Number of protein chains: 2
Amino acid sequence: MAKTSSLEYALLGLLKQLPQSGYDLRKIFATTPMRHFSDSPGSIYPALRRMQGRKWLVAGAEGGNARKRQAFRVSRAGERALVEWLRRPITREDVIWRNQELALRFAFLDGNVEREFTRTFLDDLERELTDYTRELRDYARSMKSDSGPNTGLLAFQQGVEGYEAQLAWARRARKQLKEASYESR
Amino acid sequence: MAKTSSLEYALLGLLKQLPQSGYDLRKIFATTPMRHFSDSPGSIYPALRRMQGRKWLVAGAEGGNARKRQAFRVSRAGERALVEWLRRPITREDVIWRNQELALRFAFLDGNVEREFTRTFLDDLERELTDYTRELRDYARSMKSDSGPNTGLLAFQQGVEGYEAQLAWARRARKQLKEASYESR
DNA sequence: GTGCACATGTAATGTGTTACATGATTAT
DNA sequence: ATAATCATGTAACACATTACATGTGCAC
């Protein structure tokens, strides 16, 4: 069971929203806040190929001509893979090593899972962030003994504050979702 | 001119602070907040080898025996490489693609560059973060038209708030450094 | 003398990066 | 027709990950 890179899921999620070509996807990575993905052809076209090989994508039938624009759409199997990824339990390892990927997963929840799951996602994220920030703060106490503000300690604090900002966001997002569900009654 | 991975600079910075063995370094990655680096031998030992090849490190002379603990220390050339990395101008690309690496660089400033440079670093970081958050907020306005809170927009906001938290940190850090320099008169 | 933690290494694999190559379409 | 842009592809390379292999020193 080969692991799927987060680039592939990004492509899958985007193609689920709107079937389009590799070139279109590259332009998204080149010009929108999804910039942190590389727009190089050497990463995107091979990824699309791999996903075709797994039958997650089907290429829009374009006349036999190569070198012509061809849009991809997500197959049933592709949808299943996407949803499986979205529904994966959130672990502390996700928070530490794959934080960007978590944001990507959250962004793609709409339209792919029931609304209730979005709240579960935020609950789980809050739990992991709470645990992890507690651990980091404990660690900070143990290094505070050093004299004066040094850049090592400051850099560490930046990390902690980043996680705390994310935690604050998660709480607020949950509240907003609840309010929205009242309104829609 | 081969690019050096951020793992190698992490190792270099740690060894500059305290000469130690590959195993010691692995333990640091396994047990401290530097966890987001992998502690796998398959990444660390080859990296140390590469750096030895570049003469950035010298192995503590341990009797002919392999399989025995050997500490590395940073050579003059290694120090120069470290300082060159620390002093690199901060670009928007750093902020977007190599944010973690920026934090690492900041953490290693102490003891390797003059204190004045730390302020320059924070100034430059503030500038890039200010520009980039402005750009992100502009983009946010353009997608706000969609109805209600959707997870895509919320995920995007999380990203912006992360950068804003970092900006707030940078301002605060600069203030603290200034106060510390008053005290030390 | 057996087991466990210490300590280093390597081989297979997959993927991202960079740089280059090539054909198709549109504007001038 | 020619340049620019659209659109896809590939080859070389470096690196991280995973899993496995090997040896050392100490405790019991």
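Only a predicted model underlies this, so the values are computations on that prediction, with no experimental measurement involved.
- Annotation: side-chain contact (heavy atoms from CB on, under 4.5 Å) contacts of Asp124(A) (sequence neighbours excluded): Ile90(A), Thr120(A), Arg127(A).
- In this structure, the CZ atom of Arg49(B) is 15 Å from the P atom of dC15(D), given to the nearest Å.
- With sequence neighbours left out, the salt bridge (Lys or Arg N to Asp or Glu O under 4.0 Å) criterion links Arg171(B) to Glu126(B).
- For the ring pair (Phe, Tyr, Trp, His ring centres under 6.0 Å) condition, the pairs that include at least one residue of residues 110-141 of chain B, sequence neighbours left out, are Phe106(B)-Phe121(B), Tyr132(B)-Tyr163(B), Tyr139(B)-Phe156(B).
- With sequence neighbours excluded, no residue satisfies side-chain hydrogen bond (donor to acceptor under 3.5 Å, both in side chains) with Gln158(B).
- For the OP1/OP2 pair of dT24(D) and a distance below 4.0 Å, the side-chain nitrogens and oxygens of Arg69(B) include no atom meeting the criterion.
- For the pair Arg98(B) CZ and dT17(C) C1', the interatomic distance rounds to 12 Å; values are reported in whole Å.
- Only at 4.0 angstrom or more do the heavy atoms of residues 11-35 of chain B sit from any atom of DNA chain D, so none qualifies.
- Once rounded to the nearest 0.5 Å, the distance linking CZ of Arg50(B) with CG of Leu11(B) reads 9.0 Å.
- Contact annotation: Tyr45(B) does not reach the phosphate of dG9(C) (side-chain N/O to OP1 or OP2, under 4.0 Å).
- One can place CH2 of Trp97(B) at 13 Å from C1' of dT18(C), the figure rounded to the nearest angstrom.
- Rounded to whole Å, atom C1' of dC13(D) lies 12 Å from atom CZ of Arg50(B).
- Summarising the geometry, the separation between NE2 on His36(A) and P on dG16(C) is reported as 13 Å, rounded to the nearest angstrom.
- Rounded to an integer number of Å, the gap from Phe72(A) CZ to dG9(D) C1' is 12 Å.
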Pairs of donor and acceptor atoms involving the side chains of residues 77-86 of chain B, under 3.5 Å and at least two apart or interchain, shall be tabulated with distances.
| unit_1 | atom_1 | unit_2 | atom_2 | d |
| --- | --- | --- | --- | --- |
| Glu84(B) | OE1 | Arg88(B) | NH2 | 3.2 |
| Glu84(B) | OE2 | Arg88(B) | NE | 3.0 |
| Trp85(B) | NE1 | Glu101(B) | OE2 | 2.9 |

Might you list the N or O atoms of the protein lying below 3.5 Å from N or O atoms in nucleotides 17-19 of chain D, with each pair's distance?
| unit_1 | atom_1 | unit_2 | atom_2 | d |
| --- | --- | --- | --- | --- |
| dT17(D) | OP2 | Ser38(B) | OG | 3.2 |
| dT18(D) | OP1 | Lys3(A) | NZ | 2.7 |

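- Neither OP1 nor OP2 of dA14(D) sits under 4.0 Å from any side-chain N or O of Ser5(B).
- Between the side chain of Trp169(A) and the backbone N or O of Gly159(B), no donor-acceptor pair lies under 3.5 Å.
- Taking five base pairs at each end of the helix from dG1(C)-dC28(D) to dT28(C)-dA1(D), the local helix axes there meet at an angle of 10°, rounded to 10°.
- Take Arg49(A) and apply the side-chain hydrogen bond (donor to acceptor under 3.5 Å, both in side chains) test, not counting sequence neighbours, and it matches no residue.
- Glu128(A) meets the side-chain hydrogen bond (donor to acceptor under 3.5 Å, both in side chains) test with no other residue; sequence neighbours excluded.
- In this structure, Thr118(B) has no side-chain hydrogen bond (donor to acceptor under 3.5 Å, both in side chains) partners at least two apart in sequence or on a different chain.
- Not counting sequence neighbours, Tyr45(B) has no partner by the ring-ring contact (aromatic ring centres under 6.0 Å, His included) test.
- Atom pair Gln70(A):CD and dA24(C):C1' shows a separation of 14 Å (rounding to whole Å applied).
- Straight-line distance from the CD atom of Glu101(B) to the C1' atom of dC15(D): 14 Å, rounded to whole Å.
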